Asks: 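Sharing a structure, written as structure tokens. Questions coming.
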Amino acid sequence: MPVLVAPVAYQRLVDPEGEAATARAAAGAGTVMCLSTLATTRPSELATAAPNSRRWFQVYCFEDEGLTLALIQEAIDSGFEAILLTVDAPPGGNRERDRRTGFRIPEGLGVPSVEAALGSERAVTIEETFGLMDRSLGWSDFEELASDCSVPVLVKGVLTGEDAALAVEHGAAGVVVSNHGGRQLDCTLATADALSEVVEAVEGRATVLVDGGIRRGVDVAIALALGADAVLVGRPALWGLAAGGERGVLRVLDLLRDELALTLALCGCRSPKELTRSYVQRAPMAPVYSGQMHASTGF
Ligand SMILES: Cc1cc2nc3c(=O)[nH]c(=O)nc-3n(C[C@H](O)[C@H](O)[C@H](O)COP(=O)(O)O)c2cc1C
């Protein structure tokens, strides 16, 4: 099942069981669930609630290294098999739609793992948590973290071959080609456009995952054909959770699996491994960068 569940924050916003329901659904679909640093369920709690699930932990680096290490340690002690270090946030992007709709995390819905590590007796807000994060992380910091970690560490948020090669050279077990679902840097690359360059730069030395806009089995097939080892889905799993809890997430994952199987069969492939570059070609594309030049401003 080459579709993993991406880390998505605050899942108890959409379902009372939140991350536990997602993890159980991922296990039911035979895949991995990635737990966000900003989860409403802490790693140890998730391990108890979904003991048979395969779990990875997504971490943000905090200015207080002790806090980062405490989160990672809790995850490792709770049977999480890998760490995804997200590097395309902080700071948080300028989410204008959230402002327009007046979206707010309800008071009292905190981040239990961060609260436990800080020894806080009240719920910490998303703004407070982002405020504690390290915005100046460099490759040497990453290397130290990866070498001290007893499980593989992947870098999430890579969009160029150059960064992918640097990640591997500094000890990454893999990279996730991601633009955070388009929620961070405006006008950034589409991950489908960045993927080939990353695959070439990694040269088989590490795992290459990709996310962003995977909605159908055919999207999974295209990503695999472009050289990804697997994909992650963020919003589709969250929509499943909102619509039907654990069963909703499982349904989304089953649909993706069935659609991928159909796509493979129609391509004449017996397994995902048989998908190669030759199965895809670039669609004629509008010039994204220059756009329709405006005569007076030239932009
Ligand atoms: C509501 C929401 C919350 C997210 N929270 C996190 C997070 O806490 N950590 C992280 O690394 N990525 C987070 N992401 C990004 C996802 O992990 C993933 O990169 C992205 O959603 C993939 O695009 P897709 O939603 O089109 O599948 C979030 C995305 C969404 C939509």
Side-chain angles (χ1 to χ4, degrees), residues 2-15 18-19 22 26 31-43 46 55-62 68 71-72 75 80 82-93 95 97-98 101 103-106 109-114 124-127 129-130 132-134 137 153-159 174-185 188-192 194-195 208-217 219-220 222-223 228 230-242 249 252-253 255-256:
V3 182
L4 291 77
V5 179
V8 167
Y10 286 97
Q11 295 189 9
R12 280 193 173 140
L13 267 179
V14 304
D15 178 86
E19 291 84 3
T22 305
T31 191
V32 170
M33 187 262 192
C34 303
L35 183 73
S36 165
T37 289
L38 296 170
T40 47
T41 310
R42 57 186 288 193
L46 191 71
R55 304 173 296 275
W56 295 2
F57 184 64
Q58 175 267 320
V59 78
Y60 288 114
C61 271
F62 290 88
T68 315
L71 295 173
I72 292 178
F80 285 60
I83 301 294
L84 292 182
L85 175 66
T86 297
V87 296
D88 55 12
R95 298 173 188 164
R97 190 182 299 161
D98 289 355
T101 58
F103 172 77
R104 301 218 35 93
I105 307 277
L109 191 64
V111 184
S113 58
V114 172
V124 293
T125 65
I126 188 165
E127 292 82 12
T129 310
F130 262 101
L132 296 171
M133 290 177 193
D134 183 358
L137 189 76
V153 182
L154 295 86
V155 181
K156 177 172 182 281
V158 168
L159 286 169
V175 292
V176 184
V177 178
S178 176
N179 58 21
H180 217 106
R183 293 159 60 80
Q184 285 295 103
L185 180 63
T188 193
L189 283 177
T191 52
L195 179 58
V208 177
L209 306 176
V210 64
D211 71 19
I214 303 282
R215 299 291 178 267
R216 294 285 189 168
D219 301 324
V220 183
I222 292 168
V231 306
L232 292 83
V233 287
R235 290 176 186 85
L238 191 67
W239 292 329
L241 184 65
V249 180
V252 166
L253 294 171
L255 281 169
L256 286 166

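Given the structure is predicted, the values throughout are model-derived calculations rather than measurements. Just so you know, ligand 1 is whichever comes first in the structure, and atom 1 is the first atom listed for that ligand.
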Asks: Under the side chain to side chain contact (heavy atoms under 4.5 Å, CB included) test against I72, which residue among I83, V153, L85 passes?
Replies: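 Exactly one candidate clears the test, I83.
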
Asks: With I105 as reference, evaluate V111, L38, T40, L13 under the side chain to side chain contact (heavy atoms under 4.5 Å, CB included) test and give the passing residue.
Replies: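 Among the candidates, only L13 passes.
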
Asks: Could you pull out the closest heavy-atom pair between N179 and A190, with the gap in Å?
Replies: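 Closest heavy-atom pair between N179 and A190: ND2-CA, 4.2 Å.
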
Asks: Please list, chain by chain and in numerical order, all residues satisfying side chain to side chain donor-acceptor pair (under 3.5 Å) with T191, sequence neighbours excluded.
Replies: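 So T191 forms no side chain to side chain donor-acceptor pair (under 3.5 Å) with any residue.
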
Asks: Between Y60 and F130, how do the two ring planes meet: parallel, tilted or perpendicular, split at 30° and 60°?
Replies: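 Aromatic pair Y60/F130 classed tilted.
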
Asks: State whether the number of non-hydrogen atoms from other residues, nucleotides or ligands found under 6.0 Å of R216 atom CZ is greater than 12.
Replies: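 No, CZ of R216 has 12 or fewer neighbouring heavy atoms, counting only those of other groups under 6.0 Å.
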
Asks: Distances under 3.5 Å, N/O of ligand 1 against N/O of the protein: list each pair and its distance.
Replies:
{"unit_1": "ligand 1", "atom_1": "5 (N)", "unit_2": "A9", "atom_2": "N", "d": "3.1"}
{"unit_1": "ligand 1", "atom_1": "8 (O)", "unit_2": "S36", "atom_2": "OG", "d": "2.7"}
{"unit_1": "ligand 1", "atom_1": "9 (N)", "unit_2": "Q58", "atom_2": "OE1", "d": "3.1"}
{"unit_1": "ligand 1", "atom_1": "9 (N)", "unit_2": "Y60", "atom_2": "OH", "d": "3.1"}
{"unit_1": "ligand 1", "atom_1": "11 (O)", "unit_2": "T86", "atom_2": "OG1", "d": "2.7"}
{"unit_1": "ligand 1", "atom_1": "11 (O)", "unit_2": "K156", "atom_2": "NZ", "d": "3.0"}
{"unit_1": "ligand 1", "atom_1": "12 (N)", "unit_2": "P7", "atom_2": "O", "d": "3.4"}
{"unit_1": "ligand 1", "atom_1": "12 (N)", "unit_2": "K156", "atom_2": "NZ", "d": "3.0"}
{"unit_1": "ligand 1", "atom_1": "12 (N)", "unit_2": "H180", "atom_2": "NE2", "d": "3.3"}
{"unit_1": "ligand 1", "atom_1": "14 (N)", "unit_2": "P7", "atom_2": "O", "d": "3.3"}
{"unit_1": "ligand 1", "atom_1": "17 (O)", "unit_2": "P7", "atom_2": "O", "d": "2.7"}
{"unit_1": "ligand 1", "atom_1": "17 (O)", "unit_2": "K156", "atom_2": "NZ", "d": "3.0"}
{"unit_1": "ligand 1", "atom_1": "19 (O)", "unit_2": "K156", "atom_2": "NZ", "d": "3.1"}
{"unit_1": "ligand 1", "atom_1": "19 (O)", "unit_2": "S178", "atom_2": "OG", "d": "3.3"}
{"unit_1": "ligand 1", "atom_1": "19 (O)", "unit_2": "D211", "atom_2": "OD1", "d": "3.3"}
{"unit_1": "ligand 1", "atom_1": "19 (O)", "unit_2": "D211", "atom_2": "OD2", "d": "2.7"}
{"unit_1": "ligand 1", "atom_1": "25 (O)", "unit_2": "R235", "atom_2": "N", "d": "2.9"}
{"unit_1": "ligand 1", "atom_1": "25 (O)", "unit_2": "R235", "atom_2": "NH1", "d": "2.8"}
{"unit_1": "ligand 1", "atom_1": "26 (O)", "unit_2": "G213", "atom_2": "N", "d": "2.8"}
{"unit_1": "ligand 1", "atom_1": "26 (O)", "unit_2": "R215", "atom_2": "NH1", "d": "3.1"}
{"unit_1": "ligand 1", "atom_1": "26 (O)", "unit_2": "R215", "atom_2": "NH2", "d": "2.9"}
{"unit_1": "ligand 1", "atom_1": "26 (O)", "unit_2": "R235", "atom_2": "NH1", "d": "3.2"}
{"unit_1": "ligand 1", "atom_1": "27 (O)", "unit_2": "G234", "atom_2": "N", "d": "2.9"}

